[in-house]
Number of protein chains: 2
Amino acid sequence: MKNATARPADLSAQIATAIRDAIVSGDLLADARLPSEAELADQFQVSRPTVREALKRLAAQSLIRTQRGASGGAFVNRITFEDAYSQQITTSTLLLSMNAVSFETACEARFALERACAPLSAARRGAAHLATMRREIRRQRGPSLTDEAFCASDVAFHRALVDGAANPVLSYQLAGAVEAMQPLMNMITYTARSREGIAALHGRIADAIEAGDGAAANAGLSDLERETQNLARDVLSARRGDA
Amino acid sequence: MKNATARPADLSAQIATAIRDAIVSGDLLADARLPSEAELADQFQVSRPTVREALKRLAAQSLIRTQRGASGGAFVNRITFEDAYSQQITTSTLLLSMNAVSFETACEARFALERACAPLSAARRGAAHLATMRREIRRQRGPSLTDEAFCASDVAFHRALVDGAANPVLSYQLAGAVEAMQPLMNMITYTARSREGIAALHGRIADAIEAGDGAAANAGLSDLERETQNLARDVLSARRGDA
DNA sequence: CATTTTTCATTTGTCAGACAATTAAAAGTC
DNA sequence: GACTTTTAATTGTCTGACAAATGAAAAATG
């Protein structure tokens with residue numbers, strides 16, 4: 001009966017939590033300097049290695065950064081969108097691969113999120129976003145493209161679509177969903193015909209974005225989702241047939 | 001001229017990266033046991049404290065868990081949706097608070113993501129989700145409700161809406177967006193009239209979900225977004241007036 | 001023999017003290 | 001005043017040790 005809340009965590013975990021709370025609650029502002037390791041060890045009544053373990057935990061979450069030398073120390077890190085991206089991608093990737101999320105579920109989520117962005121992108125995309133989308137479509141039609149390169153181009157296309165919405169929070173959220181799915185997408189072997197089908201749908205979506213027609217873009221995304229799900233189904237059933 | 005890639009990171013960071021790569025690439029499967037700290041120290045030619053700092057970094061990202069005692073050690077963690085939730089919420093919260101994302105941007109992202117879920121929720125929501133939504137609406141109409149409690153109820157309502165889509169990947173993605181916005185939402189002081197307006201819109205959305213009408217639900221969400229943006233604008237302009 | 005208790009080896013958690021490496025500021029020098 | 005040297009502060013790393021937890025083997029017990 002020792003479960004529930006009665007488990008005293010590691011000292012280093014406790015200390016990390018205490019400092020993290022201070023950061024999240026705003027008691028410690030960005031770029032503020034934490035006390036030195038020796039002072040922290042004093043304050044928390046633990047040894048320096050224990051304090052260091054706590055600080056490394058925080059560093060792993062990009063909550064602090066450290067600097068050596070006089071007037072060095074640990075500083076509250078102003079987390080960047082890039083930091084957040086990469087963390088989200090690692091987490092999402094592991095979540096998908098280790099929790100055996102079905103391709104269907106992941107795919108549905110991805111396209112639902114993209115449909116959330118498309119209308120905004122149709123209204124606000126810059127010329128550069130549209131140019132990227134067109135360029136990737138051309139690349140997708142090129143012959144002698146490996147399956148992986150095709151997937152990468154696919155990601156680039158969708159990324160441009162999402163970034164066109166000009167909302168960094170959306171871009172950040174989508175990065176995880178789209179990039180984490182790439183390993184799953186790589187399972188699919190693309191035939192020349194399915195590639196042309198996808199590129200054509202991309203073309204329809206790009207046209208809609210160019211015309212500022214969000215609804216049409218969403219219709220294209222829905223068709224693309226159906227197409228992707230069909231391809232995945234074929235691969236899976238073929239694999240079952242083999243085995 | 002020592003910048004660029006030429007900066008050798010901490011040993012503990014290098015080791016953490018090496019192990020993380022092994023996990024992400026699938027060389028280390030879930031629940032696999034890592035070598036003991038002493039063995040790792042040997043393999044990497046470093047001392048045990050350094051290895052421990054590396055392991056704590058990984059533990060902070062829920063990539064491993066440790067267990068004491070004989071046949072204990074560090075094990076590759078099968079990351080749960082719950083782990084991912086909480087990580088995403090911390091990251092998103094900090095991102096919003098420290099990068100000075102405007103209320104407008106965050107709000108737009110949040111409602112765009114919710115509109116992505118609503119049609120799915122309309123098609124698949126269970127009775128429990130609908131019941132939760134109705135219950136929260138009743139609560140929101142109750143008198144003597146603090147602003148914070150009103151916000152919490154708001155989150156619960158939207159959470160039920162999202163969970164109704166029955167797609168754990170979407171729920172996970174949305175958790176960050178919705179919960180991270182709560183501090184921003186708490187800035188708003190809700191008058192009796194604005195509360196009734198929000199509750200009424202919630203009612204419309206719940207009706208649409210009950211009727212299985214995704215488009216109507218999205219229309220309701222769009223109106224709610226407008227309403228929320230207006231409230232925030234009022235608060236901000238009032239604050240400017242005060243100062 | 002079966003079962004319970006005890007012992008024990010393994011492994012993580014924590015501590016203390018030391019030295020190296022880095023770096024900004026202070027002191028010295030021209 | 002501009003430049004160089006020294007110094008002190010701080011993180012990074014190592015060594016060695018002990019405590020605490022824990023599962024497994026060994027011993028005791030019926």
Side-chain angles (χ1 to χ4, degrees), chain A residues 1-20 22-23 28 31-77, chain B residues 1-20 22-23 28 31-77:
Chain A
M1 215 65 81
K2 65 161 172 200
N3 64 341
T5 53
R7 270 173 46 210
D10 294 348
L11 285 178
S12 70
Q14 289 177 42
I15 294 169
T17 302
I19 299 177
R20 173 163 41 240
I23 294 175
L28 285 170
D31 297 323
R33 182 180 177 282
L34 271 62
S36 73
E37 295 175 354
E39 286 171 312
L40 286 173
D42 247 28
Q43 283 182 29
F44 287 103
Q45 289 284 303
V46 296
S47 68
R48 195 158 82 91
T50 302
V51 166
R52 282 182 60 79
E53 288 179 9
L55 293 180
K56 294 313 168 201
R57 292 178 119 108
L58 299 176
Q61 297 175 286
S62 306
L63 284 169
I64 63 169
R65 74 193 114 86
T66 56
Q67 206 169 17
R68 288 221 265 204
S71 74
F75 299 83
V76 177
N77 199 30
Chain B
M1 215 66 80
K2 65 156 168 206
N3 64 340
T5 53
R7 269 172 46 210
D10 294 346
L11 286 178
S12 68
Q14 290 178 41
I15 294 169
T17 302
I19 298 177
R20 173 162 40 242
I23 294 175
L28 284 171
D31 297 324
R33 182 180 177 281
L34 271 62
S36 74
E37 295 176 353
E39 286 171 314
L40 287 172
D42 246 28
Q43 282 182 30
F44 288 103
Q45 289 283 303
V46 297
S47 68
R48 195 157 81 93
T50 302
V51 167
R52 283 182 60 79
E53 287 179 9
L55 293 180
K56 294 314 167 199
R57 292 178 117 110
L58 299 176
Q61 297 176 288
S62 306
L63 284 170
I64 62 169
R65 76 193 113 87
T66 56
Q67 206 170 15
R68 286 222 265 205
S71 74
F75 299 83
V76 177
N77 200 29

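Residue numbers begin at 1 in each chain, while the letters A, B, ... track the order of the sequences. When reading the values below, keep in mind they use all heavy atoms of this one structure, side chains included, and skip hydrogens, waters and symmetry mates. Keep in mind it's a predicted model, so treat the numbers as computed, not measured.
For the atom pair A/Ile15 CD1 and A/Leu40 CG, the distance stands at 8.0 Å (nearest 0.5 Å). Summarising the geometry, atom CG belonging to B/Leu55 is positioned 4.5 Å from atom CD1 belonging to B/Ile64; distances are rounded to the nearest 0.5 Å.
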With the criterion being N/O to N/O and under 3.5 Å, what pairs connect the protein with nucleotides 2-9 of chain D, and how long is each?
{"residue": "D/dA9", "atom": "N3", "partner": "A/Ala70", "partner atom": "N", "Å": "3.4"}

With the criterion being N/O to N/O and under 3.5 Å, what pairs connect the protein with nucleotides 15-19 of chain D, and how long is each?
{"residue": "D/dA17", "atom": "N6", "partner": "B/Arg48", "partner atom": "NH2", "Å": "3.3"}

Polar-atom pairs under 3.5 Å, protein N or O versus N or O of nucleotides 3-7 of chain C: list them with distances, or write none.
none

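Between A/Val76 and A/Arg65, the shortest heavy-atom distance links the atoms O-NH2, 3.2 Å. Residue A/Ala59 comes nearest to B/Arg57 through the heavy atom pair CB-NH2, 4.0 Å, listed as atom of the first residue, atom of the second, then distance.
Heavy-atom distances under 4.0 Å link DNA chain D to A/Lys56 of residues 54-65 of chain A, given in residue order. For DNA chain D, no neighbouring residue in residues 34-41 of chain B is found when judged by any heavy atom under 4.0 Å.
OP1 or OP2 of C/dG13 lies within a sub-4.0 Å distance of a side-chain N or O belonging to B/Thr66. Residue B/Arg52 places at least one side-chain N or O closer than 4.0 Å to OP1 or OP2 of C/dG13.
B/Ser47 meets the side-chain hydrogen bond (donor to acceptor under 3.5 Å, both in side chains) test with B/Thr50; sequence neighbours excluded.
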